[in-house]
Amino acid sequence: MTAPREPRARAVWPLVRVLLSTQYAYMLEYRAEIALWALSGVLPLIMLGVWSGSGAGEAAGFTPAMLTRYFLAAFVVRQFTVVWVIHVFEEDNLQGRLSPYLLQPLHPFWRYLAAHVAEQVTRVPFVAALLALLFLLQPSLLWWPQRADVFWGVLATVAAFILRFLLQGVIAMACFWSERALALERLLLIPYLFLSGLVAPLETFPPGVRAFALATPFPYTVAFPARVLMGAEVNLGAGFLGLALWSGLFLILFLVLWRAGIRRYSAMGA
Amino acid sequence: MIIEAELLSKTYRVADKQPGMAGTLRHFVRRRHRDVPAVSGVSFAIAPGEMVGFLGPNGAGKTTTLKMLTGLIHPTAGTVRVVGHDPKRRQAAFLHQITLVMGQKQQLIWDLPPLDSFRVNAAVYGLTPPEARRRISELADMLELGEELTRPVRKLSLGQRMKAELLAALLHRPAVLFLDEPTLGLDVNAQARVRDFLADYNRRTGATVLLTSHYMGDITALCERVLLIHQGRLFYDGRLEGLSERLAPYRLVRLELTVPQPAAAFTGHGEVESLQGNQVCLRVPAAQLTGSVAQLLERFAVVDLEVSDPPIEQIIGGLFERGRVDDSPA
């Protein structure tokens with residue numbers, strides 16, 4: 001018992017399966033709350049109402065049908081790229097729940113990632129119900145995207161989720177230095193709303209603002225996957241390259257900050 | 001040695017703010033900090049299979065030391081080796097061999113049955129499903145857990161939850177157990193069951209246990225050796241019995257007399273601890289024990305006489321109440 005033992009090689013797939021199934025069971029306990037979250041993500045649909053008939057879309061080269069598809073696609077993308085890791089990480093850090101995670105041979109962020117994926121799976125029927133209700137009330141909005149657009153759109157949405165998860169993960173590292181890191185995330189909400197294309201297609205922005213937006217990671221989190229999903233003309237290679245570069249940058253930042261932060265960790269509340 | 005700490009120290013930097021508006025403004029403009037030593041130059045070594053009690057009042061540095069031994073926090077100075085590893089590196093090989101159970105914290109998923117948390121832990125530590133089932137069954141038997149395992153954690157009593165926490169923490173069969181107040185808040189029966197389990201687990205697996213507890217019953221039932229820490233400094237490391245010799249150099253002499261006597265009658269024989277009818281208990285300095293007992297037997301008509309060490313709870317409780325230690329560190 002006391003002789004040093006080598007840990008058994010851990011099979012990754014069983015771990016992934018157990019993490020996902022357990023987190024899914026956990027999320028089902030909160031299904032009512034998740035339904036409300038899904039309902040609260042209707043901003044793109046509201047923006048669709050605001051933009052429809054305003055004429056601003058046509059001025060930017062968007063036909064009414066394109067505008068509708070863009071905001072419907074943005075709604076779906078937004079639903080499946082919701083990230084809340086900073087909330088749970090800050091709470092775990094302050095309440096001392098991070099300590100038991102740190103004593104296990106698994107990076108705590110894998111648990112958080114599994115929780116996000118499980119939450120998205122739980123969200124699927126609610127999003128489907130919301131879309132069904134929308135099409136029932138307004139049948140003219142119904143549109144079926146091409147199979148290839150769905151494939152690349154789903155891929156782009158998953159990549160956008162990973163980018164958002166890593167970006168928020170980087171901000172979450174501030175928890176090691178501050179007890180109120182969440183304030184930083186709130187600071188990023190406004191640029192995210194405007195520069196991601198959630199409230200308006202980037203094409204409607206003045207050229208200077210649009211160029212600025214494209215130099216940030218935000219358009220890759222909504223505008224790019226939404227345009228892919230709606231079947232608009234998009235440079236897929238450039239879009240995925242942008243997603244990969246920003247994700248890579250945030251991953252490196254995350255790992256550097258994690259290493260520095262864990263040295264400062266004081267295991268408060270534990 | 002499976003645990004070695006050498007001049008281990010931890011200093012926290014804390015903000016220093018004066019009360020009132022002026023203090024608040026000063027604190028806002030020019031924040032001042034001061035260094036607070038939580039642990040200062042603590043050294044000890046623990047052999048494989050030992051069960052060691054870690055005693056000290058609140059804020060003595062027990063939990064900080066445990067956090068350094070598990071690698072949760074980095075020491076300010078000194079070195080520490082646990083199962084041959086530097087804990088702060090948190091290597092997988094190290095994490096597979098230790099566990100930390102905190103009585104006031106939980107790792108079980110609150111809204112799901114404990115079995116779900118066990119499944120996650122088993123997968124994290126790379127146990128195959130049959131192996132995990134076998135270990136869960138074995139530990140559940142030892143802990144007398146049955147249908148509680150399929151009930152949501154939030155529906156379990158504190159005692160049941162603690163037993164499930166222990167099961168989750170021991171599923172990977174760690175070689176070293178760090179237990180921080182594992183019986184905190186439990187009733188007497190639940191405390192006894194947890195103690196019995198820990199003793200049984202130590203016997204069966206040979207695991208090393210470092211245990212902190214406010215309940216002396218835990219320490220006296222489980223640990224032959226204790227580390228006593230106070231104000232961040234270790235001032236006793238040795239057998240539990242030796243602690244009373246060092247901190248309480250007196251004995252309790254209980255007499256049953258044929259005729260009741262007033263307290264004044266015992267002047268010069270020792271300090272009267274209690275007096276009830278013909279029963280008296282005297283606190284006699286160890287150096288004068290033989291002489292005092294001989295004089296008492298000569299002077300009074302004694303039916304029965306018993307000499308004993310003062311209870312360990314009394315020694316340590318008194319020490320902590322005094323809030324300071326007159327003795328030099330170990």
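No experiment lies behind these values; they were computed from the predicted model shown. These numbers come from the heavy atoms of this one structure, side chains and all, not from hydrogens, waters or symmetry mates.
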Please state whether the side chain, the backbone, both or neither of [X] comes within less than 4.5 Å of a heavy atom of chain B.
X: A:Y101; result: neither
X: A:R111; result: side chain
X: A:I262; result: both

Considering all heavy atoms, the nearest [X]-[Y] contact:
X: A:P14; Y: B:A123; answer: O-CB, 4.4 Å
X: B:M102; Y: A:S99; answer: CE-CB, 4.2 Å
X: B:V120; Y: A:L19; answer: CG1-CD2, 3.9 Å
X: A:Q104; Y: B:N121; answer: NE2-OD1, 3.2 Å
X: A:Y265; Y: B:L72; answer: CD2-O, 3.4 Å

Tell me, yes or no, whether the heavy-atom count around [X] atom [atom1], taken from other residues, nucleotides or ligands under 6.0 Å, exceeds 12.
X: A:R180; atom1: CZ; value: no
X: B:E224; atom1: CD; value: no
X: B:R134; atom1: CZ; value: yes
X: A:F194; atom1: CZ; value: no
X: A:F135; atom1: CZ; value: yes
X: A:W110; atom1: CH2; value: no

Counting C-beta onward and ignoring hydrogens, is there a side-chain heavy-atom pair between [X] and [Y] closer than 4.5 Å?
X: A:L103; Y: B:T99; result: no
X: B:R119; Y: A:S21; result: yes
X: A:P100; Y: B:L100; result: no

Residues passing the side chain to side chain contact (heavy atoms under 4.5 Å, CB included) test with A:V222, sequence neighbours excluded, are A:A74, A:Y192, A:S196, A:L198
Bottom line for B:Y12: the part with an atom under 4.5 Å from chain A's heavy atoms is side chain
Spatial distance of atom [atom1] ([X]) from atom [atom2] ([Y]) [nearest 0.5 Å]:
X: A:H107; Y: B:R90; atom1: NE2; atom2: CZ; answer: 7.5 Å
X: B:Q106; Y: A:R97; atom1: CD; atom2: CZ; answer: 8.0 Å
X: A:L28; Y: B:L112; atom1: CG; atom2: CG; answer: 9.5 Å

Examine distances only and state if a side-chain atom of B:K88 and a backbone atom of A:R263 form a donor-acceptor pair shorter than 3.5 Å. no
